[in-house]
Amino acid sequence: MTTLQNPPTATETPALAITDLHMSYVVRGKPREVLRGVTFEVRPGEAFGLVGESGCGKSTTAYAALRYLPRNGLITGGKIEASGRELTAMSGSELREFRAHDASMVYQDPVQAVNPVLQIGRQVAESFTVLGHSSGEARDLARKALERVHIADPVGVMERYPHQLSGGMLQRVVIAMALASDPSLLVLDEPTTGLDATVEAEVLDLVRELRDEIGAAILLIAHNLGVIRTMCDRVGVMYAGRMVEEGTVDEVFDGPSHPYTVGLLNSIPRHGLRKTDRELFSIPGNLPQIGDSLPTCVYVDRCPVVTELCRSEVPPIVDRSDWHWTRCHHPDRIGEIPEPEEIAADHLVGEEEVIGVHGVSKTFHQRSGDVPALVAVDLGFAEGETLGLVGESGSGKSTLAKTMLGVYEPDEGGAITLRGRPMATKATQRIEESIRSIQMVFQNPDSALNRSWTVRRILTRAVSKLTGVTGPEADSRAVEVARAMQLSERHMDMRPRQLSGGLKQRVAIARAFAGDPDVVVSDEPTSALDVSVQAAILNLLAELQRDVRTSYLFISHDIGVVRYLSDRIAVMYVGRLMELAPTDAMFDGPNHPYTEALLSAVPSVDGEAENRIPLTGEIPSPKDPPPGCVFHTRCHRFIEGTCDVLEPPVVEVRPGHTIRCHIPPDELAAAQAEDLGDLRDVLRAERQA
C-alpha cells in the first residue's frame with residue numbers, strides 16, 4: 001500500500017468533510033443537478049486533488065466547500081463541514097467570519113482576483129484590516145506577507161499596480177492575500193493555468209513550503225495531472241458531478257481502476273511519446289449536459305468496457321486497497337481497454353526550406369527608449385516539419401510569430417523568405433500567395449471567432465479571402481475543410497457560442513487551413529483545453545500534417561505537448577535563440593543551462609524523480625538586458641568574468657544541434673551527468689533510509 005506523506009489519524013477532525021453532497025443550478029425555474037452525492041475528506045496538513053474534464057463539477061465542489069454559491073445554486077442534500085462546524089447550517093454573518101479567519105481561496109486567473117486601479121500594497125493591506133488591524137499595522141503586515149511569498153522587493157511591489165506585475169508575481173500576491181489569516185483550509189482553483197513551466201514550479205514550491213509552515217489542508221483543482229501528482233497526497237476523479245475513483249496519487253496514477261481515469265491518463269503524451277509512435281487517446285463523445293438524468297453509471301455512454309449490467313444497475317464502490325476505491329462494475333477489466341493504434345504512415349520531412357527567418361531583429365521604439373524584442377534570430381523549417389518554440393513569457397516567442405506573419409515589421413537587415421524568395425515585411429504589402437501561405441491559430445478561439453456568424457459563414461469567408469473562390473464552390477470547399485476537422489454538417493449552421501471549447505478550436509484550425517497554407521503558426525492552441533480535447537486536437541494536427549504536408553510553428557508552455565508534436569525545438573530567452581535541436585537530441589542533452597532549467601521544471605504525472613533547477617529572479621527586460629550572456633543573472637553554471645562580460649558564441653553540439661553558451665558541450669554534458677548521478681545517489685539513500 002502507498003504511504004501517505006501526511007497520513008491522517010483516526011481521531012483527527014477533517015479540515016473539510018463533504019458528505020453525500022447534492023447540488024443543482026436553477027435554470028428557467030427548473031433545478032438541474034450538477035453534483036450527485038459527492039463525498040470526500042481533507043485532513044489538516046493534507047493536500048487533496050480533484051481532476052476531471054471541464055463541466056464535471058470540480059470548481060462547483062470547490063465553491064460549495066466555502067459556500068461561495070451563485071444565486072441559482074441550490075444545495076439539495078448532504079452536508080459540508082469544516083473542522084467539525086457545519087457550513088450548510090451557518091448564517092450569513094457566521095459564514096463571513098469563517099471565510100475571514102478559517103478558509104481562503106486562490107483563483108485561476110490572478111488578474112481577475114485583484115482590482116486593476118488600486119496599488120498592490122493597498123489591496124494586500126486590506127486583507128489585514130478586515131481582521132481588525134489598524135491601517136499602519138496592516139501596511140507593515142502586507143510587506144511581511146509579500147516577503148513570505150518570496151517577492152524580492154516587497155516595498156517596491158506595494159507601490160505598483162497589477163498591470164505592472166508578471167503573471168507569476170501577481171499569483172504570489174494573490175496567495176499572500178489568501179494566507180493573511182493563516183487559514184486552516186486553502187482552496188486552489190487552477191492556480192497555475194497559463195503560467196510558464198518555471199513560474200508554475202516556483203508557485204507550487206511556494207504552496208508546499210507554506211503548507212508545511214501553517215499546516216493548512218489544501219483542496220487543489222487542476223487540469224494538469226502532473227501538478228496533482230507533484231502536489232497532492234490523495235486525488236479524487238470526478239465525472240458528471242460524481243466521484244468515480246479516489247486514492248493516493250501513486251495508486252490512482254500508477255494503477256487506475258476506473259475507465260475514465262484510464263482515459264484521462266492515456267490522453268497525455270507520456271514517457272517521451274512522439275507523434276511518429278502512435279496517436280494519443282481521446283475519450284469519445286462528450287460529457288452529459290447539466291441536469292441530464294443519469295440513473296446508473298454516469299460514464300456509461302463513453303466507456304470502452306460497458307456491459308448491460310452498467311446500463312441497468314448503479315455501480316458499487318469497490319475497495320482496491322485501504323486508501324483506494326473505484327465506483328465501477330468491472331474494475332478488473334481495466335486491462336482490456338485497448339491502447340491507441342500505432343501510426344501506420346511514415347512522417348516525412350521535406351528537404352526544401354519553406355519559411356526562412358534570416359538575421360531577423362525587432363525593436364519597438366517607445367518614448368522611454370528602444371526595446372529590442374528580437375535579436376538576430378536565424379531559423380527555418382521545411383515542408384511537413386513542426387518547429388516547437390518554448391521559453392518563458394517575455395522571451396519573444398509571440399513577437400517572432402507576429403513578425404513572420406507580417407504583423408510586426410522587422411528591423412532593417414533581416415529577411416523572411418518563402419521557398420527561398422523574399423517576402424514583404426508587412427502583411428499589407430504581401431502578395432496573395434504570401435498571405436495564403438502563412439496562417440495562424442490563436443490560443444483563445446472565443447476571441448478569434450466572430451460570435452454572431454455561423455461556422456459556415458466563418459469558413460466560406462476565409463475560403464473566399466484566401467483563394468478568391470466564391471458562391472457554391474466556396475461553400476463546398478468550406479464543408480470539405482470542416483469535414484477534415486471532424487466537424488459535421490450540423491455544426492456548419494451553429495455559432496461559436498453553441499460549441500464546446502474543443503469544437504471552437506477545430507473551427508479556428510479549419511479557418512487557418514481554408515486556403516491550403518504552407519505554414520500554420522499555432523500560439524498555445526491547446527493550453528485552455530481538457531487533456532482529452534487536447535489529445536484530439538494534437539491528433540488532428542498530426543494527421544493533417546501527414547496528409548497535406550503543412551509545416552507548423554508550434555508555440556507552447558507545455559513541454560510534453562511540444563515534445564509529442566515537434567520535429568525540432570527552439571528555445572528562446574530575451575529575444576535570442578539559446579538552443580535549437582531535433583526533438584530527441586533536445587531531451588538527450590547536453591542542454592543549454594536555460595533549457596536544462598526549463599526541462600527540470602515540468603511536473604510529471606509518472607512520478608519520475610525531479611532534479612529541479614530553480615530560476616531565481618524575473619526574466620530581464622529586453623529594454624535593459626544584462627551584459628555578456630543575457631542568461632548569466634539566473635544561470636546555475638555562471639562563470640564570473642566570462643559570462644557577465646562576453647557574448648556567448650553559437651556552438652554545434654552535434655549536426656543540427658546548436659547552443660549559445662560559453663561552456664563547451666563536452667563540459668556541459670559531464671556536469672549535467674554528474675548532477676544527475678548525485679541526484680540518484682540522494683534518492684537511493686532516501687529509499688534506504
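None of these values were measured; they are calculated from a predicted model.
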Taking the basic N atoms (NZ, or NE/NH1/NH2) and the acidic carboxylate oxygens, is any pair closer than 4.0 Å for [X] and [Y]?
| X | Y | answer |
| --- | --- | --- |
| R477 | E480 | yes |
| D518 | R419 | yes |
| D446 | K504 | yes |
| R327 | E245 | no |

- Message: Is there a salt bridge (charged side-chain N to carboxylate O under 4.0 Å, His left out) between K58 and E53? Walk through the geometry before answering.
- Response: CA-CA 9 Å; K58 305 185 304 298; E53 295 168 284; over 6 Å; no

Decide yes or no for [X] and [Y]: does some side-chain heavy atom of the first lie under 4.5 Å from some side-chain heavy atom of the second?
| X | Y | value |
| --- | --- | --- |
| V252 | T261 | yes |
| L273 | R563 | no |
| L219 | L188 | no |
| S551 | V520 | no |
| L466 | Q439 | yes |
| L265 | P256 | yes |
| I438 | R430 | yes |
| R456 | V479 | yes |

What is the distance from atom [atom1] of [X] to atom [atom2] of [Y], rounded to the nearest 0.5 Å?
| X | Y | atom1 | atom2 | value |
| --- | --- | --- | --- | --- |
| S59 | Y107 | OG | OH | 11.0 Å |
| R274 | F587 | CZ | CZ | 8.5 Å |
| T399 | M404 | OG1 | CE | 13.0 Å |
| T460 | E473 | OG1 | CD | 13.0 Å |
| M492 | L487 | CE | CG | 8.0 Å |
| D292 | L287 | CG | CG | 10.0 Å |

Name all residues meeting the side chain to side chain contact (heavy atoms under 4.5 Å, CB included) criterion together with [X]; count only those two or more places apart in sequence or in a different chain, and write none if there are none.
| X | value |
| --- | --- |
| P525 | V441, Q505, S522, F554 |
| E524 | Q443, S527, S556, H557 |
| I337 | P259, V262, P304, V305, I334 |
| N286 | none |

- Task: With sequence neighbours excluded, give me every ring-ring contact (aromatic ring centres under 6.0 Å, His included) pair touching residues 280-299.
- Result: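 As it turns out, the ring-ring contact (aromatic ring centres under 6.0 Å, His included) pairs with a partner in residues 280-299, which skip direct neighbours, are Y239-Y299, H258-Y299, Y260-Y299.
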
State whether a side-chain donor-acceptor pair under 3.5 Å links [X] with [Y].
| X | Y | value |
| --- | --- | --- |
| E392 | T198 | yes |
| D530 | S54 | yes |
| E409 | T425 | yes |
| K275 | T386 | yes |
| T454 | D493 | no |
| Y25 | T60 | yes |
| T192 | N224 | no |

What pair of heavy atoms forms the shortest contact from [X] to [Y], and how long is it?
| X | Y | result |
| --- | --- | --- |
| A222 | I228 | CB-CD1, 3.9 Å |
| A427 | L405 | CB-O, 3.6 Å |
| V481 | A510 | CG1-O, 3.3 Å |
| A178 | V106 | CB-CG2, 3.8 Å |
| G241 | V38 | O-CG2, 3.4 Å |
| T467 | G515 | CG2-CA, 3.9 Å |

- Message: Can you pull out every salt bridge (Lys or Arg N to Asp or Glu O under 4.0 Å) where at least one residue sits in residues 547-558? Sequence neighbours excluded, please.
- Response: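 Checked against salt bridge (Lys or Arg N to Asp or Glu O under 4.0 Å) - neighbours excluded - the pairs reaching residues 547-558 are E383-R549.
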
When you measure from the side chain of [X] to the backbone N and O of [Y], does any donor-acceptor pair fall under 3.5 Å?
| X | Y | result |
| --- | --- | --- |
| R36 | R242 | no |
| R32 | Q289 | no |
| R229 | V605 | yes |
| K362 | T403 | no |
| Q545 | A542 | no |
| R495 | S452 | yes |
| S282 | S532 | yes |
| R568 | L387 | no |
| N539 | L280 | yes |
| S24 | V26 | no |

- Message: Is there a side-chain contact (heavy atoms from CB on, under 4.5 Å) between L553 and D523? Walk through the geometry before answering.
- Response: CA-CA 8 Å; L553 178 65; D523 190 0; over 6 Å; no

- List the steps and the verdict of side-chain contact (heavy atoms from CB on, under 4.5 Å) for V199 and M169. CA-CA 9 Å; V199 178; M169 287 272 280; over 6 Å; no

- Message: Counting only heavy atoms not in R278 (residues, nucleotides, ligands), do more than 12 fall under 6.0 Å from its CZ?
- Response: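 Enclosed.
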
- Message: Determine whether V237 and L50 satisfy the following criterion, side-chain contact (heavy atoms from CB on, under 4.5 Å), listing intermediate values before the conclusion.
- Response: CA-CA 6 Å; V237 182; L50 275 181; over 6 Å; no

- Message: Ring centres under 6.0 Å, that's the criterion: do F381 and Y552 meet it?
- Response: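 No, the ring of F381 stays outside the 6.0 Å limit from the ring of Y552, centre to centre.
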
- Task: Check the pair M238 / V51 against side-chain contact (heavy atoms from CB on, under 4.5 Å), numbers first and verdict last.
- Result: CA-CA 6 Å; M238 289 194 75; V51 300; over 6 Å; no

- Message: One pair to check against side chain to side chain donor-acceptor pair (under 3.5 Å): D567 and T583. What are the steps and the verdict?
- Response: CA-CA 6 Å; D567 301 291; T583 299; over 6 Å; no

